[in-house]
Amino acid sequence: MAVASRARAVASLAAVVAAGLAGCTSPPSPAGQAAGAASTPIRRPPLPSPSAPSRPASAFRLLPARGAGHLAAGSDPGALPGDVLIADEDNRRLLLVDPYGRIRWRFPGPGALGRGQAFGPPDDAFVSPDGRSIVATQEQNQTISVIDVATGRITRRYGHPGVPGSGPGYYYHPDDALLLPGGQILVADILNCRILLLSAWGITRQLGSTSIACAHEPPRQFAQPNGAFPLTDGHYLITEILGDWVDEMSLDGHVYWSAHPPGVSYPSDANEVSPGRYIVADYSYPGQVVIFSRTGQVVWRFRPAGAAALNHPSLALPLPNGNILVNDDYNDRVIVISPKTNRIVWQYGHDGVPGRADGYLDNPDGVDLAPPDSLLMAHAATIGRP
């Protein structure tokens, strides 16, 4: 998503107040290996009616669903199809929150980290296609972690904590890592201006080069890529920060088209709504969410102004019901937007008030859905192609 320069000091708001939703219901709370990767192996939805079909079993060991939850006033639990995985960056944790605003799973839990292990601030986290693992990038920490969902333990790590670089085993703001069906990890290495495929032993494929200047010339060069997301046609959507570019390409380097998301200052994590329609967050203040075509035409835009403005949103994901899930980073909240009404219909977190208590977030920088609606599970039939 963003690079180191996106510190919270960039946001100059004196205060950020609710956008279409008023306050919340809860009270405030006073390293390396060779071959290009440092990989270190290490020893729900609203309650269904009786007639509702059962959902596939989940690897998450859910905490009990107790109490009314912690949502902003006016939130509709029906706006979500299931639980939401949140990368709560500045709290250094992952949370699984159900549609009622109840925390059902946390990482790291007690005993999750071994001796000498640390979990750097997670800026993104995505469930694997089989639902058994989560890959979390710690962009500011220059590392990537693979987490076993059932045991809540890190099983693989890449990078050297706190040390950026381009040599074997080093990364420079790795972002949006995805675990593909064959076990390889696809990651955008932002400031190294490259897209990587990683096995447990190292780099198996690299697009872009660290030996030449960053520029929009895919697949030879990339202008600070911050996302590589699967498409239903088996290709991938690459987002380049510099110059506001989005490219469709295959992992063998064939580029099908490139476009400028219209009116976007800082494109972040473009992904597919449906064939020919794509969504991107504008990591800016005031921020916006834009759906656009491959020719760069606006299909839909959500850009509230004034006190209702988005503040550096970094990821927008389409939901099966047509709503849009967004992490609004500097507003310390995760929201669901209805494109039909252009209103926020669900919110977890307090506008511009960071915190760690239930109902609070601190710079949430990534979201995914729990299985079976998670990003990679939805694309499992087509991802992994060359």
Side-chain angles (χ1 to χ4, degrees), residues 11 13-29 44-49 65-86 88 91 95-104 279 281-282 285-291 300-370 373:
L13 294 180
V16 182
V17 294
L21 294 169
C24 296
T25 59
S26 61
S29 171
R44 174 111 255 180
L47 298 177
S49 66
R66 295 173 178 161
H70 302 272
L71 297 177
S75 292
D76 175 14
L80 282 163
D83 300 345
V84 179
L85 180 66
I86 301 172
D88 191 12
N91 279 323
L95 298 177
L96 190 71
V97 174
D98 74 12
Y100 295 97
R102 301 172 298 202
I103 296 174
R104 306 300 308 280
I279 189 167
D282 188 349
Y285 178 77
Q288 59 181 323
V289 176
V290 177
I291 296 177
W300 174 81
R301 190 189 305 273
F302 183 78
R303 186 174 54 191
L310 304 179
N311 194 354
H312 290 77
S314 57
L315 175 60
L317 291 178
L319 300 179
N321 60 10
N323 290 336
I324 307 296
L325 177 66
V326 180
N327 48 269
D328 191 13
D329 298 25
Y330 289 4
N331 275 334
D332 303 301
R333 63 182 182 171
V334 170
I335 59 176
V336 174
I337 302 165
S338 168
K340 294 180 181 179
T341 63
N342 272 5
R343 294 181 61 85
I344 296 171
V345 293
W346 186 92
Q347 176 176 319
Y348 184 86
H350 294 242
D351 294 356
V353 182
R356 191 172 178 84
D358 289 359
Y360 286 81
L361 301 169
D362 192 349
N363 187 30
D365 202 12
V367 288
D368 194 8
L369 289 173
D373 299 307

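Side-chain atoms are counted along with the backbone in the values below, which use heavy atoms only and exclude waters and symmetry mates. Quick caveat, the model's predicted, so the values are computed rather than measured.
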> Of all residues at least two apart in sequence or in a different chain, which pass the side chain to side chain donor-acceptor pair (under 3.5 Å) check with Arg303?
Replying inline: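 If we apply the side chain to side chain donor-acceptor pair (under 3.5 Å) test to Arg303, skipping adjacent residues, there are no hits.
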
Could you measure the distance from the [atom1] atom of [X] to the [atom2] atom of [Y]? Nearest 0.5 Å is fine.
| X | Y | atom1 | atom2 | value |
| --- | --- | --- | --- | --- |
| His70 | Gln347 | NE2 | CD | 14.5 Å |
| Leu71 | Trp346 | CG | CH2 | 6.0 Å |
| Asp329 | Asp365 | CG | CG | 4.5 Å |
| Asn363 | Asn91 | CG | CG | 9.5 Å |
| Leu361 | Asp88 | CG | CG | 4.5 Å |
| Leu310 | Asp282 | CG | CG | 9.5 Å |

Which heavy atom of [X] sits nearest to which heavy atom of [Y], and what is that distance?
| X | Y | result |
| --- | --- | --- |
| Val353 | Tyr360 | O-CD2, 3.6 Å |
| Phe302 | Ile344 | CZ-CG1, 4.2 Å |
| Ala281 | Ala316 | CB-N, 4.3 Å |
| Gly352 | Pro354 | O-CD, 3.5 Å |
| Gly287 | Pro313 | CA-CD, 3.8 Å |
| Arg301 | Asn342 | O-ND2, 4.3 Å |

>> If we check side chain to side chain contact (heavy atoms under 4.5 Å, CB included) with Leu325, which of these qualifies: Asp368, Leu315, Val336?
In response: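 Only one of Asp368, Leu315, Val336 forms a side chain to side chain contact (heavy atoms under 4.5 Å, CB included) with Leu325, namely Val336.
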
>> Restricting to side-chain contact (heavy atoms from CB on, under 4.5 Å), what partner residues turn up for Pro339, sequence neighbours left out?
In response: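 side-chain contact (heavy atoms from CB on, under 4.5 Å) list for Pro339, sorted by chain: Trp300, Asn323, Ile324.
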
> Within the side chain of Tyr348, is there an N or O that forms a donor-acceptor pair under 3.5 Å with the backbone of Ile335?
Replying inline: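 No: the side chain of Tyr348 does not pair with the backbone of Ile335.
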
> Under the 3.5 angstrom rule, does the side chain of Asn321 hit a backbone N or O of Ala79 as a donor-acceptor pair?
Replying inline: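 Answer holds: yes.
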
> Do Asn327 and Ile86 come close enough that some side-chain heavy atom pair is under 4.5 Å?
Replying inline: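 Not touching, per the 4.5 Å side-chain cut-off.
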
>> Do Leu369 and Leu85 make a side-chain contact, defined as non-hydrogen atoms from C-beta onward lying under 4.5 Å apart?
In response: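 No, side chains not in contact.
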
>> Does anything in residues 317-328 form a salt bridge (charged side-chain N to carboxylate O under 4.0 Å, His left out)? List the pairs, not counting sequence neighbours.
In response: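 Applying salt bridge (charged side-chain N to carboxylate O under 4.0 Å, His left out) to every pair that reaches into residues 317-328, excluding sequence neighbours, yields Asp328-Arg333.
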
